[in-house]
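Structure first, then comments.
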Amino acid sequence: MFDTSAPARKLVEVRDLKMHFPIYAGVFRKQVGEVKAVDGVSFDIFEGETLGLVGESGCGKSTCGRAILRLYDITDGSVVIDGVEIGHTPQSALRKIRPTMQMVFQDPQASLDPRMTVASIIGEPLMEHGNLSKAARLDRIYELMDAVGLNRNFANRYPHEFSGGQRQRIGIARALALNPKFIVCDEPIAALDVSIQAQVVNLLEGLQKKLGLTYLFISHDLSMVRHIADRVAVMYLGKVVELAPRDDIYATPKHPYTVALLSAVPDPDPNSEEVVERIILQGDVPSPSNPPEGCNFCTRCPNVLPICHHEEPKFEEVEPGRFVACHLFGDRKREASEEPETQ
Amino acid sequence: MPDGALPVLDVRDLKTVFKTRTGEVHAVNSVSFDLRPGELLGVVGESGSGKSVTMMSLIGLLPSPPAEVRAGQVLFDGRDLLLVDADELRAIRGARVGFIFQDPMTSLNPVFTVGFQLMEPLRTHMGMKKKQAAKRAAELLELVGIPDAAGRLDDFPHQFSGGMRQRVMIAMALACDPEVLIADEPTTALDVTIQAQILELVKDLRQKLGMAIVWITHDLGVIAGIADRVMVMYAGQVVEQAPVKELFGNPQHPYTRALLKTVPSVRGKRAENLHVIEGQPPVLGAAPTACPFRDRCPHVFERCERENPLRRPVGKGHDVACFWDAAIGGPAHV
């Protein structure tokens, strides 16, 4: 964590990011609609912090992470990483900037080439982007393996010879190879067992402290995010509904979706489970190809107001550092509460 | 749950082995437990701890080869399910013992309607006519909280969302009013808000129908909220077993204690450091002759290398397989 007296530098600035995927249908493969996977997302990530991005499956959190690294050609919006606008840079020019931004993927089984040895997996980015001699490259590979806690003697083994947690370590070493500033971790622990999850999270935290890394940590596991993140953004149906410092959001969630999401997480304590008042959301998440009019959450919201069905709430700062997109808060709060509830 | 009641399911010394090209895998090693009427037994453990294989061995759901149930007894209604013939087992499976699987998409057949699949057990096991079965199927869908139940019988699985599909699976398992329901990670594939819906539904159904449930999961939070009694598995063995509050309040086995510490919570105080269990679970190449947790255990001593501990009682309904005594902080007198 950083000193709060000095204003931290923004390393990543995302403004109104949109990623829409076209839907083609019929004999002529005509475009009949689009899936609005990410629909107008804005946030900053400060240097040296971890921003947790949480949400349920299909809310667009992974797409958002990939779009920020420009693994997609984004529909609209701007992304600035380390002072460079990369939102609409052609892929060929992006290649030169890639060393500063890296990614750790969810499934270590699928993101490592089964035909490559550990040394060649970790060494590949060094070959692509550096001009180290063979000996220097091997030294760097060993250094990286030490850093992530892999035994040097296993450098010539293949991914299938490792367990899930160790494979994730290989993926992390590969991401670290080019000394990046910013790493997107896309559900890095979702495929692992609880006891192994803690090992990987501690490794990520240790590396952050040592190397001054900045993380975007994408996860659906709210309890792990509470542990690793400094600030947390909650996504629902392609939009960020709430963004706040970690302790605030877990202690006093504001957006009704955040409140329901946190109350739905089971607590590993039978005594608190007996007394907890759970908000059970009715129904399912609407389709991102046909989101509801007004607020995206109005179909399931327990505190819905008439205004929610026709006007989309703005994502605004309601308290210093706390952003919410909801009619219950912000400028419109009074007007909205004066309207009688008719539902 | 009456304490002295006769168990509905009584499993003794179950051993299951998989034969693979590279040798044997001893997935389940001498697992014993019982299930009392109306109780919900939670089974926790990491992947590969043998929790699913144990339950599938009970009712002959494992393909053989490669699986082989080597030893043990599974007493259900006075009979040993490991000895009864295939036809008899078929009559029990689905009718008197229901099963809910983890992934509702792969366990429903995509080419048949949900109504057809729901009516199948009713027609085979209960001998119902088509009309009668359709009526009962609609009732079942309503029971699990699917709106417009009768109208959705003709829909295919892909027309349901993940949470709704899991409700269909539950309806199917409940179709013939089973005495025992085995639920294998039924909420793992679901989102938290949908998981909360399903957990509420199961609590509600238990009160209405009163069957005994075995609930397999790796999520200690789910177990804390739903189970009466918990069994912790590690490396194909039961390492600890206790009533839910006792297990969370007074865990004895070093593995259980470490596991409880590794799970962060979203409520209460935030722990600064995440507890880690170092190392990996063992490879189960042979039947264990020593404690399977010894390489990762902070309290390991010389005896753990020589013997595999048996379960010993440590409290009311609480037993643990460990030579180390958490109460005195040293070797136990066994």
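Within every chain, numbering begins at 1; the chains are lettered A, B, ... in the order of the sequence lines, protein sequences first and strands thereafter.
Counting heavy-atom pairs under 4.5 Å between each of B:I277, B:T193, B:V192 and chain A puts B:T193 at the top. In terms of heavy-atom pairs under 4.5 Å with chain B, the best-connected choice from A:S163, A:A264, A:S223 is A:S223. Ranked by heavy-atom pairs under 4.5 Å with chain B, the list A:H220, A:Q199, A:M224 is led by A:Q199. Ranked by non-hydrogen atom pairs under 4.5 Å with chain B, the options A:V201, A:V285, A:N202, A:L261 are led by A:N202.
Ring geometry, A:Y257 versus A:H255: the interplanar angle exceeds 60°, so the pair is classed perpendicular (tilted spans 30 to 60°). Note on ring orientation: taking the six-membered ring where Trp is involved, the planes of A:Y236 and A:F297 are perpendicular (angle over 60°, cut-offs 30° and 60°).
In this structure, B:E46 and B:H218 have side chains that are not in contact, with every pair of non-hydrogen atoms separated by 4.5 Å or more. Contact check for A:L53 versus A:F217: no side-chain heavy atoms found under the 4.5 Å cut-off.
Using a 4.5 Å cut-off between heavy atoms, B:Q197 contacts chain A through both its backbone and its side chain. A:S195 touches chain B through backbone and side chain together, each having a heavy atom under 4.5 Å away. Using a 4.5 Å cut-off between heavy atoms, B:L259 touches chain A through its side chain atoms alone. Residue A:L222 touches chain B through both its backbone and its side chain, counting heavy-atom pairs closer than 4.5 Å. Of the two parts of A:Q197, neither the backbone nor the side chain holds a non-hydrogen atom closer than 4.5 Å to a non-hydrogen atom of chain B. Heavy-atom distances place both the backbone and the side chain of A:V265 under 4.5 Å from chain B. Residue A:R226 touches chain B through both its backbone and its side chain, counting heavy-atom pairs closer than 4.5 Å.
Residues that satisfy the ring pair (Phe, Tyr, Trp, His ring centres under 6.0 Å) test with B:F101, not counting sequence neighbours, are B:F99.
Both the sub-6.0 Å distance and the 45° axial angle are satisfied by A:R157 relative to the ring of A:F154.
Applying the salt bridge (Lys or Arg N to Asp or Glu O under 4.0 Å) definition to pairs two or more places apart or across chains, those involving residues 263-272 of chain A are A:D267-B:R267.
Annotation for B:Q159: atom CD counts as buried by contact number, over 12 foreign heavy atoms lying within 6.0 Å.
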